[in-house]
Number of protein chains: 2
Amino acid sequence: MGIVSRKEREKEEMRRLILEAALRLFREKGYDGVSIRNIAEAIEYSPATIYLYYKDKSEIFFALQYEAAAVKRDHLMPVASIENPWERLVEFGRRYVDFGMKHPDLYDLLFITLTPMDSIENQECWQLGIAIHAFFAETVQACVDARYFKSTDTETIAYTLWCHAHGLVSLFIRERMRMYPEEKREELAKKSFAMMVKMAESL
Amino acid sequence: MGIVSRKEREKEEMRRLILEAALRLFREKGYDGVSIRNIAEAIEYSPATIYLYYKDKSEIFFALQYEAAAVKRDHLMPVASIENPWERLVEFGRRYVDFGMKHPDLYDLLFITLTPMDSIENQECWQLGIAIHAFFAETVQACVDARYFKSTDTETIAYTLWCHAHGLVSLFIRERMRMYPEEKREELAKKSFAMMVKMAESL
DNA sequence: GCATTTACTAAACACTGTTCATTAAATTTG
DNA sequence: CAAATTTAATGAACAGTGTTTAGTAAATGC
């Protein structure tokens, strides 16, 4: 292997170094709480060096959002092997909520953060997200096809289920459950999920 | 009226001036997109003057969050006059979603923004929010008492309904419905609300 | 009229994202 | 091998941020 490929490898290593430092810092202090200077300090390089590997702060954000989408995919896609569409759907939902609770910063990155959403459609992370959503929509369609619901409005069913799951996770991780005592919050979330499953059964 | 009361009045007018400029700017550019200097420029005072009326930027945020909660209360509380608890609940939900769609920045302020939530329990805005939530919980309780649901787990029912409504609004205003064509999004939201009402009927 | 309080601000401090000229090292060329 | 060139990294700067402080000028109290 010539020096060209070594250079490329080193460049890739540097990008990883930046990304890992950024992810760790973002998890600790949030996107706005971390500066390029903080990241540079963490990897013991000058701030200007970061700009040799990423165009700006938002590009680091996009790269991390892709990582987050990949973690989410690995967390959810195992349910693809479940034959029964209804069981597959329920397990998908359970894992979606579980992902949000276990990785609040990644969930935030994917579904709440507003930052630079302008050209997101062109980003890899978006493509990955679309693919996972498509799998979800197909699973709902499979349930409709197998007459698991009275309604046949697949799109609305899928969206309604997503709304509930997203509301569940985002109220939790954005600290809007303070009217419930800390130790009851997770239990309430579990009960609500179960209730939604029951409601969906008679949908 | 002595000059003391005039001074107080002037102080109050100044606070209003700051708040109105801040609210307008926050709506246009978001909390992070607006600087103290921007607000100062808008009201034609120096940045330091702002600090004579508000301790820091987060106090302006709290004041605005209180205004937002008041707008929300005015938008929702008229339903208190609806006698039938189920009709009251449905109308409350409709207006909750409507408030979020009509005032995305206020909704954001109340239910999504993370900013300085540390000591929020002591803030007026939180008390107001708690009161509105309590009214919602009481309405659900009234429905349970009147046997509108099979389930009697009031807390979980209320929370589940809230999750769905919040998910609906927050996915919309945080731009996570891009997989649906722009012109279909609001219709989908309406359909989903209707579906949730139907589901709740058979809860 | 003079002392005091009030209202306000210019300037500074320590940050931020980002750019650019410069340096030092690695690589290619003669 | 030495000279020329490309590459990698940075120090310093620019324009912005939230916030504090010292100082001024006007309004008020005596």
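Lettering of chains follows the sequences in order, A, B, ..., and the numbering in each one begins at 1. Scope of the values below: all heavy atoms of this structure, side chains included, with no hydrogens, waters or symmetry mates.
Classification of the Phe92(A)-Phe136(A) ring pair by plane angle, with boundaries at 30° and 60°, yields parallel. The aromatic rings of Tyr96(A) and Phe111(A) lie tilted to each other, with the angle between the two planes from 30° to 60°. Using cut-offs of 30° and 60° on the angle between ring planes, the pair Tyr107(B) and His166(B) is parallel. In this structure, Trp162(B) and Tyr159(B) have perpendicular ring planes: the angle between them is above 60°, well past the 30° mark.
A salt bridge links Glu67(B) to Arg16(B): at least one charged side-chain nitrogen sits closer than 4.0 Å to a carboxylate oxygen. Checked for salt-bridge contact, Glu91(B) and Arg95(B) meet the test: a charged N lies under 4.0 Å from a carboxylate O. Comment: Glu155(A) does not engage Lys191(B) in a salt bridge, judged by the lack of any side-chain N to carboxylate O separation of less than 4.0 angstrom.
In this structure, NZ of Lys29(B) is placed 15 Å from C1' of dT17(D), rounded to the nearest angstrom.
The nearest pair of heavy atoms linking Tyr148(B) to Pro85(B) is CE1-CG, 3.9 Å.
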- Classify every nucleotide of nucleotides 9-20 of chain C by which part a protein heavy atom approaches to under 4.0 Å, writing B for the base, S for the sugar-phosphate alone and - for neither, in 5'-to-3' order. BB-B---BBBBB
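Among the protein residues, Tyr54(B) comes within range of no part of the nucleic acid, since none of its heavy atoms lies under 4.0 Å from any strand.
If you check residues 10-25 of chain B against DNA chain D, you find no residue with a heavy atom closer than 4.0 Å.
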